[in-house]
Undergrad: 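This is the structure I have questions about; it appears just below.
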Amino acid sequence: MKRTILLIFISLMFVSGSFAQNSKWSYELGSNVAYHANNGVWGLKINNGLEYQLNNSFSALATISNTKSLIDWQKNAINGFSLFTADLDVNYKLFNTSKGSSLNIAAGLSWFDGHEYNNVGQGSWESHEMLKDPGFNIKLRYKHALSEKLTGSINLEGYSYEHFFSEESDLVLVNVGYSIYYRF
């Protein structure tokens, strides 16, 4: 049984390696420092995504992320948040360098699920359920080659939700972080 599993694993690695040059798929793993604009709290965002290269300039990216405020609940912190986000973006490569670096801009739809927590004084807490409706995002990425299969990316991201495309939209998150892309 162990030999069969080992043989399957080696075969999959060989097939994966032989098609890596032509693969249009990449897996993204990253983390960001997040600022929640509604209640002024910093947080940490962890994201996972799949990117599909449509052509030399465009790609589609689906990302799932989890963002939590960086506070200590035991010390009676003032505000906090917990947020799950799913994004579907179109990425456009603005320019390439000869060393494999590129500047990319992405925009797309985001779906939010989470809570904001606000201290309203005298030990009372107020919890607001965040929207489960779509919002939108815009992302700026500087990608640079780390190896044949790995690419690094410095990210700047902005998210908005509530009252989709109206005057009352809120800027909910601003993120700065780093991601690693693995082409498989």
Side-chain angles (χ1 to χ4, degrees), residues 1-36 42-70 81-114 134-160 171-184:
M1 180 69 171
K2 288 182 181 180
R3 284 188 197 173
T4 306
I5 293 172
L6 183 61
L7 183 60
I8 290 171
F9 180 74
I10 291 171
S11 299
L12 288 173
M13 287 183 62
F14 176 74
V15 169
S16 171
S18 65
F19 291 111
Q21 300 263 343
N22 298 326
S23 177
K24 294 185 175 196
W25 290 97
S26 296
Y27 169 72
E28 175 196 9
L29 177 63
S31 74
N32 297 289
V33 174
Y35 179 72
H36 189 276
W42 291 91
L44 180 63
K45 176 184 173 199
I46 305 295
N47 53 296
N48 293 289
L50 278 176
E51 182 176 30
Y52 182 76
Q53 196 69 39
L54 300 167
N55 59 33
N56 287 337
S57 298
F58 287 96
S59 63
L61 181 63
T63 308
I64 295 175
S65 58
N66 190 11
T67 310
K68 300 257 186 208
S69 54
L70 296 173
F81 68 95
S82 175
L83 181 64
F84 174 80
T85 311
D87 302 336
L88 187 56
D89 303 329
V90 174
N91 188 57
Y92 177 70
K93 196 177 297 183
L94 295 171
F95 68 84
N96 284 335
T97 66
S98 60
K99 295 182 180 181
S101 299
S102 63
L103 184 63
N104 302 273
I105 189 165
L109 298 176
S110 298
W111 287 265
F112 300 95
D113 187 10
F136 62 94
N137 67 69
I138 187 162
K139 301 173 183 176
L140 190 63
R141 293 188 175 100
Y142 173 73
K143 289 186 173 184
H144 54 282
L146 299 172
S147 71
E148 188 176 317
K149 290 186 178 184
L150 290 177
T151 303
S153 174
I154 300 169
N155 309 316
L156 176 61
E157 305 171 347
Y159 287 85
S160 180
L171 178 66
V172 68
L173 282 176
V174 177
N175 302 319
V176 176
Y178 193 79
S179 295
I180 299 285
Y181 292 84
Y182 174 74
R183 187 176 65 230
F184 56 92

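The structure displayed is predicted, hence computed values, not measured ones. One-based numbering along the sequence shown.
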Undergrad: Please report the interatomic distance CD1(Ile154) to NE2(His144), rounded to the nearest 0.5 Å.
TA: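 Nearest 0.5 Å value for the CD1-NE2 distance: 5.5 Å.
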
Undergrad: With distance as the sole test, does Asn32 use its side chain to make a donor-acceptor pair with the main-chain N or O of Gly177 at under 3.5 Å?
TA: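 A pair under 3.5 Å: yes.
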
Undergrad: Can you say whether the rings of Tyr159 and Phe112 are parallel (under 30°), tilted (30 to 60°) or perpendicular (over 60°)?
TA: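 Judged by the thresholds at 30° and 60°, the geometry between Tyr159 and Phe112 is perpendicular.
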
Undergrad: Answer yes or no: is there a donor N or O on one side and an acceptor on the other, between the side chain of Arg183 and the main chain of Glu148, under 3.5 Å?
TA: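 The answer is yes, because a donor-acceptor pair under 3.5 Å joins these two groups.
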
Undergrad: Run the side chain to side chain contact (heavy atoms under 4.5 Å, CB included) test against Asn55 and tell me which residues pass, sequence neighbours left out.
TA: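 Asn55: side chain to side chain contact (heavy atoms under 4.5 Å, CB included) contacts with Ser57, Phe58.
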
Undergrad: Testing the basics here: between Thr85 and Ser110, what is the closest heavy-atom pair and its distance to 0.1 Å?
TA: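 Distance-wise, the nearest heavy atoms are CG2-CB, 4.2 Å.
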
Undergrad: Ignoring hydrogens, what is the shortest heavy-atom contact between Asn91 and Ala106? Give both atom names and the distance.
TA: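 In this case the closest contact between Asn91 and Ala106 is OD1-CB, 3.5 Å.
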
Undergrad: Going by the rule side-chain hydrogen bond (donor to acceptor under 3.5 Å, both in side chains), which residues pair with Tyr142 if we only count those two or more places apart in sequence or in a different chain?
TA: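 With sequence neighbours excluded, Tyr142 shows a side-chain hydrogen bond (donor to acceptor under 3.5 Å, both in side chains) to Ser101, given in chain and number order.
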
Undergrad: In Å, rounded to the nearest 0.5 Å, how long is the span from OG of Ser26 to CG of Leu61?
TA: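 Rounded to the nearest 0.5 Å, the OG-CG separation comes to 9.5 Å.
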
Undergrad: Please lay out, stage by stage, how Ile138 and Ile105 fare under the test side chain to side chain contact (heavy atoms under 4.5 Å, CB included).
TA: CA-CA 7 Å; Ile138 187 162; Ile105 189 165; 4.2 Å; yes

Undergrad: Considering non-hydrogen atoms only, spot the tightest contact between Gly43 and Phe81 and give its length.
TA: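 Scanning both residues, the minimum pair turns out to be CA-CZ, 4.1 Å.
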
Undergrad: For Gly49, is there any backbone N or O sitting under 3.5 Å from a side-chain donor or acceptor partner on Thr63?
TA: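 Not at all, since once roles are kept as given, no pair shorter than 3.5 Å links the two residues.
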
Undergrad: With sequence neighbours left out, what residues match Asn48 under side-chain hydrogen bond (donor to acceptor under 3.5 Å, both in side chains)?
TA: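 So Asn48 forms a side-chain hydrogen bond (donor to acceptor under 3.5 Å, both in side chains) with Tyr27.
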
Undergrad: So, using side-chain hydrogen bond (donor to acceptor under 3.5 Å, both in side chains) as the criterion, who are the partners of Ser153 when residues are at least two apart?
TA: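 Result, side-chain hydrogen bond (donor to acceptor under 3.5 Å, both in side chains) vs Ser153: Asn155.
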
Undergrad: In Å, rounded to the nearest 0.5 Å, how long is the span from NE2 of His36 to OG1 of Thr67?
TA: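 The OG1 atom of Thr67 is 9.0 Å from NE2 of His36, to the nearest 0.5 Å.
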
Undergrad: Holding to side-chain hydrogen bond (donor to acceptor under 3.5 Å, both in side chains), I want the full list of residues that pass it with Tyr92, two or more places apart in sequence or in another chain.
TA: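 Scan of Tyr92 (side-chain hydrogen bond (donor to acceptor under 3.5 Å, both in side chains), adjacent residues dropped) gives none.
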
Undergrad: Is there any salt bridge (charged side-chain N to carboxylate O under 4.0 Å, His left out) pair reaching into residues 45-54, and which pairs are they, with sequence neighbours excluded?
TA: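 As it turns out, the salt bridge (charged side-chain N to carboxylate O under 4.0 Å, His left out) pairs with a partner in residues 45-54, which skip direct neighbours, are Lys45-Glu157, Glu51-Lys143.
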
Undergrad: Roughly how far apart are Leu88 CG and Leu109 CG, rounded to 0.5 Å?
TA: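 Spacing of CG (Leu88) from CG (Leu109) equals 6.5 Å.
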
Undergrad: Which heavy atom in Asn47 sits nearest to a heavy atom in Ser31, and how many Å separate them?
TA: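 So the minimum-distance heavy-atom pair works out to OD1-N, 3.8 Å.
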
Undergrad: Nearest 0.5 Å please: distance from the OG atom of Ser102 over to the CZ atom of Arg141.
TA: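 Here the rounded value is 10.5 Å.
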
Undergrad: Side chain to side chain contact (heavy atoms under 4.5 Å, CB included), that's the test. Do Leu103 and Thr97 meet it? Break it down for me.
TA: CA-CA 9 Å; Leu103 184 63; Thr97 66; over 6 Å; no

Undergrad: Using 0.5 Å steps for rounding, measure from the OG atom of Ser179 to the CG atom of Leu29.
TA: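 Taking OG in Ser179 and CG in Leu29, the distance rounds to 7.5 Å.
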
Undergrad: Counting only heavy atoms not in Ile64 (residues, nucleotides, ligands), do more than 12 fall under 6.0 Å from its CD1?
TA: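 No.
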
Undergrad: Kindly indicate, with the supporting measurements, whether the criterion side chain to side chain contact (heavy atoms under 4.5 Å, CB included) is fulfilled by Leu54 and Tyr52.
TA: CA-CA 6 Å; Leu54 300 167; Tyr52 182 76; 3.6 Å; yes

Undergrad: What heavy-atom pair brings Gly108 and Asp89 nearest, and what distance separates the two atoms?
TA: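 Residues Gly108 and Asp89, closest heavy atoms: CA-OD1, 3.5 Å.
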
Undergrad: Of the non-hydrogen atoms in Lys99 and Ala145, which two are nearest, and what is the gap between them?
TA: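 For Lys99 and Ala145, the tightest heavy-atom pair comes out as O-CB, 4.4 Å.
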
